[in-house]
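Below is one structure, written out as structure tokens, with a few remarks after it.
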Amino acid sequence: LVHRNGYSYRSTSLFSTETAGEEVPFDSLIDMDVVIYTNKGDNSGTKFLGALQEDGSLAPLSAWTTEPAFGDSLEFLVDEEDRFTLDSSKVKVQYLLQQSEMSYGSRQCHRGVGNPHGEESELLYYVEQ
């Protein structure tokens with residue numbers, strides 16, 4: 001069980017059905033948390049990955065590549081060119097990934113004239129398959 005901000009809930013892996021139906025309280029999430037969420041009202045069962053950003057918003061994650069990066073991890077990032085914020089009232093956060101299921105990295109961004117030496121970087125999320 002994970003205990004955070006006065007809440008207790010089970011954190012589990014992407015493929016576990018052990019906690020189906022439980023919801024992770026949105027206000028218990030902190031910066032850089034990676035979660036599995038569904039859209040409320042969508043009964044298809046489609047699950048998505050998202051990450052809490054430093055401004056407190058939840059952003060969807062996009063696969064950077066389908067090739068494993070480190071062992072069995074896939075590389076995800078927030079698409080800065082097509083970024084949108086998920087409305088917390090319209091998504092159900094089902095799982096909070098544990099640190100053992102993921103890790104972080106960064107890569108240089110080539111953002112043209114405003115970043116000629118690649119000083120700016122993007123946060124990468126490595127999630128176990």
Side-chain angles (χ1 to χ4, degrees):
L1 277 179
V2 173
H3 304 283
R4 187 186 289 169
N5 297 340
Y7 294 103
S8 296
Y9 52 90
R10 189 178 308 272
S11 178
T12 185
S13 69
L14 179 60
F15 302 108
S16 174
T17 57
E18 180 179 338
T19 60
E22 289 184 29
E23 187 169 354
V24 176
F26 193 86
D27 61 353
S28 72
L29 301 175
I30 58 174
D31 186 21
M32 296 176 61
D33 275 348
V34 176
V35 300
I36 299 169
Y37 69 91
T38 57
N39 291 314
K40 290 183 179 177
D42 179 7
N43 296 325
S44 69
T46 304
K47 294 179 179 160
F48 303 94
L49 280 176
L52 200 70
Q53 303 301 293
E54 59 191 20
D55 63 2
S57 65
L58 183 63
L61 293 179
S62 300
W64 175 247
T65 179
T66 57
E67 297 294 320
F70 297 106
D72 289 333
S73 295
L74 292 180
E75 195 172 55
F76 294 87
L77 55 81
V78 173
D79 187 343
E80 293 293 331
E81 293 180 15
D82 192 28
R83 181 177 175 187
F84 60 94
T85 300
L86 297 164
D87 184 344
S88 62
S89 67
K90 295 182 180 178
V91 297
K92 178 180 179 181
V93 178
Q94 295 190 332
Y95 307 111
L96 170 63
L97 274 68
Q98 297 177 15
Q99 291 299 316
S100 62
E101 299 170 309
M102 50 136 337
S103 62
Y104 304 98
S106 63
R107 68 181 182 122
Q108 286 185 329
C109 300
H110 297 287
R111 293 190 175 150
V113 179
N115 189 32
H117 305 290
E119 294 93 351
E120 292 185 41
S121 64
E122 291 180 305
L123 183 61
L124 300 174
Y125 304 86
Y126 297 101
V127 179
E128 294 290 322
Q129 292 190 44

- Closest heavy-atom contact between S73 and Y126? CB-CB, 4.0 Å
- Item | Nearest atoms (heavy-atom pairs only) where A69 meets E75 | CB-CB, 4.5 Å
- Message: What I'd like to find out is whether the side chain of Y104 reaches to under 4.5 Å of the side chain of Q99, using heavy atoms alone.
- Response: yes
- Item | Considering all heavy atoms, the nearest S89-K40 contact | O-CD, 3.5 Å
- Query: Can you find a heavy atom in the side chain of V127 that is under 4.5 Å from one in the side chain of L74?
  - Reply: no
- Heavy atoms from other residues, nucleotides or ligands near CG of N43 exceed 12 (cutoff 6.0 Å): no
- Nearest 0.5 Å please: distance from the CG atom of L86 over to the OG atom of S57. 8.5 Å
- Query: Are any non-hydrogen side-chain atoms of L49 and V34 less than 4.5 angstrom apart?
  - Reply: yes
- Message: Using the rule side chain to side chain contact (heavy atoms under 4.5 Å, CB included), only one of L52, L97, L58 pairs with V35; which is it?
- Response: L58
- Task: Grab the two heavy atoms, one from M102 and one from Y125, that are nearest each other, plus how far apart they are.
- Result: CE-CD2, 4.4 Å
- Task: Indicate yes or no for a side-chain donor-acceptor contact from Q94 to the backbone of K92 under 3.5 Å, with no hydrogens or angles considered.
- Result: no
- What's the shortest heavy-atom distance between Y37 and P60, and which atoms? OH-CB, 3.5 Å
- May I have the step-by-step check of side chain to side chain contact (heavy atoms under 4.5 Å, CB included) for L77 and L123, ending in yes or no? CA-CA 6 Å; L77 55 81; L123 183 61; over 6 Å; no
- Query: Are any non-hydrogen side-chain atoms of S88 and F26 less than 4.5 angstrom apart?
  - Reply: yes
- Message: For a 4.5 angstrom cut-off between non-hydrogen side-chain atoms, does V91 reach T38?
- Response: no
- Query: Can you check whether E54's main-chain N or O pairs, donor with acceptor, with D31's side chain at less than 3.5 Å?
  - Reply: yes
